[in-house]
Novice: 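Encoded as C-alpha cells, here's the structure I'll be asking about.
Scope of the values below: all heavy atoms of this structure, side chains included, with no hydrogens, waters or symmetry mates. No experiment lies behind these values; they were computed from the predicted model shown.
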Amino acid sequence: MSLTALFRPTAGLLVLCLLAICLPGFGQLLAEKPAYTRADTLRGTMTPERSWWDLNHYHLQVRVSPDDSTFAGQNTIRYRVLKASQVMQIDLQAPMKLIRAEQDGQPLTVRTDGNAHFITLTKPQRPGKTETITVEYGGKPRRARNAPWDGGVSWARDTDSTKSWFVATSCQGLGASVWWPCKDHMADEPDSMLISVTVPEPYVDVSNGQLRRVVTNADKTRTYDWAVVNPINNYGVNINMAKYVSWKETYQGEAGPLALSYYVLPQYEAAARKQFEQVKTMLRVFENWFGPYPFYQDGYKLVHVPYLGMEHQSSVTYGNRFRNGYLGRDLSATGWGLRWDFIIIHESGHEWFANNITYKDIADMWIHESFTAYSENLYTEALFGKNAGAQYVIGTRIGIRNDRPIIGDYNVNSEGSGDMYYKGANMLHMIRQWVSNDEKWRQVLRGLNKTFYHQTVTTQQIETYLIKKTGLPLQPMLNQYLRDARVPTLEYKITPDGVAYRFANCQKGFTMPVRLCLNDAGPRRLVTPTITWQTLKQPNVKEVNIDADYYLLTKMVDM
C-alpha cells in the first residue's frame, strides 16, 4: 500500500505532522484493534474450512451499475482437494449478499457467520481431484471512506463538464471480499484468473492482466474480459471504470518486450503522457536491482483513478495529480523526493514486493512495505547518485513513530506499525552497510525475487534467506527492528584511553556493527557493540557520533 506508500506518508512523517495528516492514510490499513473478535479470527486464519482445498482459478463475473451503486455477478472457483472435507469457507462482506451456491448444477446450503459463509458440499470431495463451485452474489458494496487506506468502492464523478462516472475499487487490509466473494486469505492465491466486467456504454473497464475481448451486449452494456495468467493476490484484483483514453508502448526489458498500457481521463492525456515517461526509467532501475519484472505475460498498466493509488497487480492505479513528489510534497524533506513521482515509483515497486513476493499473513506486511519503501532510495540513487539515495532514506526517518513493533499479530488480520515503511527501509539500508559490497547486496535482492517468485511467504523465510545469502548474523538486528518498537541507543563514556561503549534500550542479544565518528572531523572506526561495555583505544576523543547511515541513538553517560 501499498500506498501507498505512504508517507510517504505511503510511509513517515513533518514530518510527523505530515504523517498524521496524510497517513490516516493508513486508516483502515493500520487501525489499532483493542481486542480481537471471532470475525477477526475467521478473516485472518487458515481455518479448517479453508485449509482442505487449494485455490486454482477464479472466473469472476461482475456487472457494475453506477446509477444505483450496485455490483452483481458470480464467481466460479476451481480448486484441488487436498484432504477430504465437505464444508468450504467463502468470504463476502456485508452489505453484499451471497445469494446462492451450487456445484455441478446442484444447489448447496450456506450458513453465514458474519462475513464468512460456510457452504456444505454434497458431492464427496476426494483428495487429488479438481472441482469447481459457483457462488452468485450482489448488493451495494461498501463505499470507500478514504481510499485506498479505508477502502471499498469509490463512486466518483469526472471533474469535466460531463460529470461522467469515475469508479474504482481498492481493498488492501479491508479485504477483497468487500466487493467480491473469494477465499479471502493471502496464503492461497489462484494460479490464474479471468475477470469479466460488464459496464454501461460508453464506459471502459480496466482490470488486471491482458484484455482478451470486449463484447457489446443488447442492453447497451459492454463486457470486458481480462485474463491473468500468473498467480494474483486477492487485494490486487481491481475494477476501474471511466471514459478512458488509452495508449500503448513497449519496453525492452530483461525478459524481452513488455507491453505497457496507460489509461487516463481525456482532459489529462497530455499531462499523463509527459508524467508517465517515468515508467520506463522505473522499470530499468527496478529490473537492475530486483530482477525481471515479474508479470511479462500480463503486461504493465498504469490506470488513472479518483484516489491516490495502489499496487494492483499489472494494473497499478494512479491519482497523484501528474506531479512529482507525494501530492507535490517530499516525504524525506531533502528535496530528492520532488525529483520523481512517488506513486509511479512506490506502487510499481510493489510489483516485486507484494505482488511477486506476497505475505501469507498481514502481520508480515513489512515484506511488502519495507522493501518497497527502500526501493524509493534505490531509485533516487540510480538517478542522482549513491549519496542522494542515502540522504533520501535517512530523511524519511522524520516519519518514524516507534509506536509499536513492525510485525503485527498473527491469524487475526492485524498489521503492525506504519513504521514498516521507513523504519523498515532504514533497516535494509543498514544491512547494506553491513554487507559492504553493493554488487553482493544487489544479488541478494534479485535472488529474493527469484527464490520466492510468485510465492506467498513468511517473515521467517525472508529472514532465513537474508542471513544465508549475506553470510551475516542478522537475526539480533532483525529481531530488534521488526519485533521491538525501541530504537537502540549507543551509550558511551569518554575515558583517558579512548571510548567505552555499549548498546542500551534494546533486546538482550542485540548487536550489529556501526561506524563511530570521533570528534568533528576525526577518524571513523567500525565497531560491533553489544549490551556489554567495550573499549576503543583512541587518544583525545571529545565527542562521539554515529555515522548517519545507521538508525540509532547516542547518549553520553557519566564515568
Side-chain angles (χ1 to χ4, degrees), residues 62-67 144 147-148 153-170 195-217 220-228 237-251 257-283 295 298-324 327-328 340-345 347-348 351:
V62 188
R63 176 180 288 266
V64 179
S65 301
D67 290 340
V153 180
S154 298
W155 302 96
R157 294 281 193 173
D158 195 341
T159 56
D160 69 4
S161 60
T162 68
K163 302 301 179 187
S164 300
W165 284 106
F166 193 17
V167 180
T169 60
S170 58
I195 307 166
S196 300
V197 183
T198 299
V199 297
E201 292 182 332
Y203 290 99
V204 174
D205 170 67
V206 184
S207 294
N208 314 79
Q210 299 281 10
L211 183 62
R212 289 288 173 85
R213 66 172 185 169
V214 180
V215 177
T216 300
N217 305 308
K220 296 184 178 180
T221 64
R222 293 179 185 147
T223 300
Y224 291 78
D225 285 345
W226 294 89
V228 178
V237 177
N238 69 348
I239 287 176
N240 306 288
M241 188 195 88
K243 293 180 180 178
Y244 287 118
V245 295
S246 65
W247 65 98
K248 300 178 182 294
E249 59 181 344
T250 301
Y251 169 73
L258 172 63
L260 310 180
S261 303
Y262 308 99
Y263 295 81
V264 300
L265 296 183
Q267 63 270 33
Y268 298 104
E269 180 178 358
R273 282 182 178 270
K274 180 178 180 180
Q275 194 71 1
F276 291 178
E277 289 176 358
Q278 296 183 36
V279 167
K280 286 188 175 181
T281 304
M282 173 276 298
L283 288 166
F295 308 106
D298 289 328
Y300 172 93
K301 292 187 291 297
L302 198 56
V303 187
H304 190 194
V305 291
Y307 61 86
L308 187 58
M310 266 290 296
E311 68 263 26
H312 302 107
Q313 183 173 311
S314 73
S315 182
V316 175
T317 51
Y318 176 89
N320 200 37
R321 302 177 188 170
F322 311 102
R323 304 168 64 185
N324 281 354
L327 294 174
W340 41 268
D341 190 307
F342 179 88
I343 294 301
I344 293 175
I345 304 312
E347 302 310 335
S348 298
E351 293 281 56

Novice: Indicate yes or no: does Asp158 engage Lys163 in a salt bridge with an N to O separation below 4.0 Å.
Specialist: no
Novice: Please round to the nearest 0.5 Å and tell me the distance separating atom CG of Leu308 and atom CG of Leu327.
Specialist: 5.0 Å
Novice: Can you tell me how far OG of Ser348 sits from CD1 of Ile343, rounded to the nearest 0.5 angstrom?
Specialist: 9.5 Å
Novice: So, do Phe276 and His304 have ring centers that fall under 6.0 Å from each other?
Specialist: no
Novice: If you define the side chain from C-beta out and look only at heavy atoms, does anything of Ile239 sit under 4.5 Å from Asp205?
Specialist: yes
Novice: Give every residue pair that meets the salt bridge (charged side-chain N to carboxylate O under 4.0 Å, His left out) criterion with at least one member in residues 298-309, sequence neighbours excluded.
Specialist: none
Novice: Taking all non-hydrogen atoms of both residues into account, name the closest pair between Pro200 and Val64 and its distance.
Specialist: CD-O, 3.7 Å
Novice: Measuring only between side-chain heavy atoms, which start at C-beta, is Val199 closer than 4.5 Å to Val204?
Specialist: no
Novice: Looking at Arg157, I want to see if its CZ is surrounded by more than 12 non-hydrogen atoms of other residues, nucleotides or ligands under 6.0 Å.
Specialist: yes
Novice: Given 3.5 Å as the limit, does a donor-acceptor pair link the side chain of Ser314 with the main chain of Tyr300, or not?
Specialist: no
Novice: Taking side-chain hydrogen bond (donor to acceptor under 3.5 Å, both in side chains) as the test, write out the residues that go with Asn240, two or more places apart.
Specialist: none
Novice: Are any of the side-chain heavy atoms of Glu269 and Trp247 separated by less than 4.5 Å?
Specialist: yes
Novice: Distance check, rounded to the nearest 0.5 Å: Arg321 atom CZ versus Asn324 atom CG?
Specialist: 14.5 Å
Novice: So Asn320 and Gln275, side chain to side chain donor-acceptor pair (under 3.5 Å) or not? Walk me through it.
Specialist: CA-CA 10 Å; Asn320 200 37; Gln275 194 71 1; over 6 Å; no
Novice: Report yes if the side chains of Ile344 and Val279 come closer than 4.5 Å at any heavy-atom pair, otherwise no.
Specialist: yes
Novice: Show every salt bridge (charged side-chain N to carboxylate O under 4.0 Å, His left out) that has at least one partner inside residues 239-249, sequence neighbours left out.
Specialist: Glu249-Lys280
Novice: Using the rule given for side chain to side chain contact (heavy atoms under 4.5 Å, CB included), can you reason through Val245 versus Leu265, listing the C-alpha separation, both sets of side-chain angles and the distance that settles it, and then say yes or no?
Specialist: CA-CA 6 Å; Val245 295; Leu265 296 183; over 6 Å; no
Novice: Is any side-chain heavy atom of Gln313 closer than 4.5 Å to a side-chain heavy atom of Glu351?
Specialist: yes
Novice: With Tyr307, which residues qualify under side-chain hydrogen bond (donor to acceptor under 3.5 Å, both in side chains), at least two apart?
Specialist: Thr317
Novice: Grab the two heavy atoms, one from Gln210 and one from Ala259, that are nearest each other, plus how far apart they are.
Specialist: NE2-CB, 4.4 Å
Novice: If you apply the rule side chain to side chain contact (heavy atoms under 4.5 Å, CB included), what do you find for Val197 with Arg63, and how did you get there?
Specialist: CA-CA 6 Å; Val197 183; Arg63 176 180 288 266; over 6 Å; no
Novice: How close do Thr223 and Ser196 get, heavy atom to heavy atom, and via which atoms?
Specialist: CG2-CB, 4.2 Å
Novice: Evaluate the ring planes of Tyr263 and Tyr244, with Trp represented by its six-membered ring, and classify them as parallel (under 30°), tilted (30 to 60°) or perpendicular (over 60°).
Specialist: perpendicular
Novice: Would the distance check show the side chain of Tyr203 and the main-chain N or O of Trp165 forming a donor-acceptor pair, the cut-off being under 3.5 Å?
Specialist: yes
Novice: Can you tell which of Val228, Ile195, Val237, Asn238 makes a side-chain contact (heavy atoms from CB on, under 4.5 Å) with Ser315?
Specialist: Asn238
Novice: Would you mind checking if Lys220 and Glu201 are paired as a salt bridge, meaning a charged N to carboxylate O distance below 4.0 Å?
Specialist: no
Novice: Any luck finding a side-chain donor-acceptor pair between Asp67 and Ser65 under 3.5 Å?
Specialist: no
Novice: Under the criterion side chain to side chain contact (heavy atoms under 4.5 Å, CB included), I'd like the reasoning laid out for Val153 against Val167: C-alpha separation, chi angles, the key distance, then a yes or no.
Specialist: CA-CA 7 Å; Val153 180; Val167 180; 3.9 Å; yes
Novice: May I ask you to check if Arg212 and Trp226 form a cation-pi contact, with NZ or CZ under 6.0 angstrom from the six-membered ring centre and within 45° of the axis?
Specialist: no
Novice: Roughly how far, to the nearest 0.5 Å, is the OG atom of Ser164 from the CE atom of Met241?
Specialist: 9.0 Å
Novice: Just wondering, do Val316 and Val303 contact through their side chains at under 4.5 Å, heavy atoms?
Specialist: no
Novice: Kindly indicate whether the side chain of Arg222, heavy atoms from C-beta on, has any atom under 4.5 Å from the side chain of Val215.
Specialist: no
Novice: List for me each residue that meets salt bridge (Lys or Arg N to Asp or Glu O under 4.0 Å) alongside Glu277, sequence neighbours excluded, and say none if there are none.
Specialist: none
Novice: OG/Ser246 to CG/Leu302 distance, rounded to the nearest 0.5 angstrom?
Specialist: 12.5 Å
Novice: Heavy-atom distance under 4.5 Å between the side chains of Tyr318 and Tyr262, does that happen here?
Specialist: no
Novice: Output all residues satisfying ring pair (Phe, Tyr, Trp, His ring centres under 6.0 Å) with Tyr251, sequence neighbours left out; order by chain, then residue number.
Specialist: none
Novice: Working to the nearest 0.5 Å, report the span between CD1 of Ile345 and CE of Met282.
Specialist: 6.0 Å
Novice: What are the two closest non-hydrogen atoms of Ser170 and Pro148, and how far apart are they?
Specialist: OG-CA, 3.7 Å
Novice: For the pair Thr221 (side chain) and Asn217 (backbone), establish whether a donor and an acceptor sit closer than 3.5 Å, ignoring hydrogens and angles.
Specialist: no
